[in-house]
Number of protein chains: 2
Amino acid sequence: MPHDAKAAKAGTRPGGRSARVRTDVVTATLAELTEKGYDQLTVEAICHRAGVHKATVYRRWGGVDGLIADALALSADQPWPIPDTGNVDEDIQLLAREVYTTFTDPDLRTTPTALIGAALRSDLGAAALSAFFTARHQQAAEVVTRAVERGQLPADVDPVELVRAATAPLYHRLFITGEPLDERAAHRAAAAALLAARAGLFDAPAP
Amino acid sequence: MPHDAKAAKAGTRPGGRSARVRTDVVTATLAELTEKGYDQLTVEAICHRAGVHKATVYRRWGGVDGLIADALALSADQPWPIPDTGNVDEDIQLLAREVYTTFTDPDLRTTPTALIGAALRSDLGAAALSAFFTARHQQAAEVVTRAVERGQLPADVDPVELVRAATAPLYHRLFITGEPLDERAAHRAAAAALLAARAGLFDAPAP
DNA sequence: CAACTAACGCGACCTGTGTCGCATTAGTAT
DNA sequence: ATACTAATGCGACACAGGTCGCGTTAGTTG
């Protein structure tokens, strides 16, 4: 009776066929999405690749948007390398740089770009994306918390707000304005966020 | 032979029936989008409302995504109130506040929110959105240019970059993370952008 | 005013997404 | 081992989204 992390969904039988099907289908979804893009994404192709019947997918996920949302939910669970150099400035820079690399490197960018782009195309996906970023931001906020303990940042700075500020401009360019993303932009975003935090702009509101 | 601004599309007959149809259809699209939302948006409903045949829409716009893109293109052409108080800090704050109000006021938010949200759901719409923001940013950059002339900001600051930084966090919250938007966030974004600009972070690269 | 052209109206048709009832199989409990 | 339950497999089907060829109309040209 392994405490499998995948058995998150309450009520379903853990570790059974359902779990296998879920993994297969989500994997197939990601593969199809990466290869063909969202516009060419079809439920039938996913089913064929996963070796699963169409009706099963519609029953469990409701459609393409449900698949994207679930894929994103799985991604959100996976841990993420958080820098810890002992220097906040460096940590935040690395954080921004990691985002930059993820969405710029030709070998890495395709899947994450397609997945987030796809999530923006439905209300369900958007909700999943929201949860995804909440998880990521909370994980990364660790960097700020540590810095506050070291006295490198004001004590009442809002950790999540700083992380958000350091990465938001990159996502903004990528998915909203569609402007190109360069190294300078990543550096600027991180530097500006740190500057604002030190100026007290990200202080949590007093109770 | 009026120099109609709508006759932008080269090759088409200006001011004729085509122009009327375009206006009717785009208006109907916006109305349907506002009332029913993107997920319930159907080409047939738009045609019915505009008094136009289905085939016409598919021929000229190619589908829903084309309609959204065209609606956005029309919006991009419309001028936009740019603050001019004589004080950059105030101008930038007003700029951010205007975005905040547009997407927060119950009477104003529905249409812009739905339109931008819809634009994110197709490649065509995303391209139109990119052009839309380019236009907006360039218009608003005027605020920064004037400030530089007045000596309120460093001479080599990139005007568009400052405008972008002041508004990006708001769009990021609205359309990517789905977090709530409050007045403080708008204020913070503007203040942080100004801070960064004065620190030289937004300087245009030397040639 | 008359000829001409581009765009629109019309309706039939095709494609494929999503649904439904029932048979079958995997996994669980006794 | 045997009985039971939930999920999947299966194929037929309904239906909306989107296409096509042709006739008609609005707007332009001389």
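We use all heavy atoms of the structure for the numbers below, so side chains are in, but hydrogens, waters and symmetry mates are not. Just so it is clear: chains get the letters A, B, ... in the order the sequence lines come, proteins before strands, and each one is counted from 1.
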Going by heavy atoms in the side chains, are Ile68(B) and Leu33(B) under 4.5 Å from each other?
-> yes
Could you run down nucleotides 8-20 of chain D 5' to 3' and tag each one B, S or - for protein heavy-atom contact under 4.0 Å?
-> BBBB-----SBBB
Contact under 4.0 Å: Arg20(A) side-chain N or O vs dG27(C) OP1/OP2 = yes
When the side chains of residues 183-194 of chain A are checked against the rest of the protein, which donor-acceptor pairs come out under 3.5 Å, sequence neighbours left out?
from: Glu183(A); atom 1: OE2; to: Arg97(A); atom 2: NH1; distance (Å): 3.2
from: Glu183(A); atom 1: OE2; to: Arg97(A); atom 2: NH2; distance (Å): 2.3
from: Arg184(A); atom 1: NH2; to: Asp203(B); atom 2: O; distance (Å): 2.9
from: His187(A); atom 1: ND1; to: Gln93(A); atom 2: OE1; distance (Å): 3.3
from: His187(A); atom 1: ND1; to: Gln93(A); atom 2: NE2; distance (Å): 3.3
from: Arg188(A); atom 1: NH2; to: Glu161(B); atom 2: OE1; distance (Å): 3.4

Using the six-membered ring wherever Trp is involved, compare the ring planes of His172(B) and His137(A) and label them parallel, tilted or perpendicular (cut-offs 30° and 60°).
-> tilted
Counting only pairs under 3.5 Å, give me each side-chain donor-acceptor contact of residues 36-48 of chain A, with atom names and distances, residues two or more places apart or in other chains.
from: Lys36(A); atom 1: NZ; to: Glu32(A); atom 2: OE1; distance (Å): 2.9
from: Asp39(A); atom 1: OD1; to: Arg121(A); atom 2: NH1; distance (Å): 2.8
from: Thr42(A); atom 1: OG1; to: Glu44(A); atom 2: N; distance (Å): 3.2

Whole angstrom is fine here: how far is it from CD in Glu32(A) over to P in dT17(C)?
-> 12 Å
If you measure only the distance, is there a donor-acceptor pair under 3.5 Å linking the side chains of Thr177(B) and Ser130(A)?
-> no
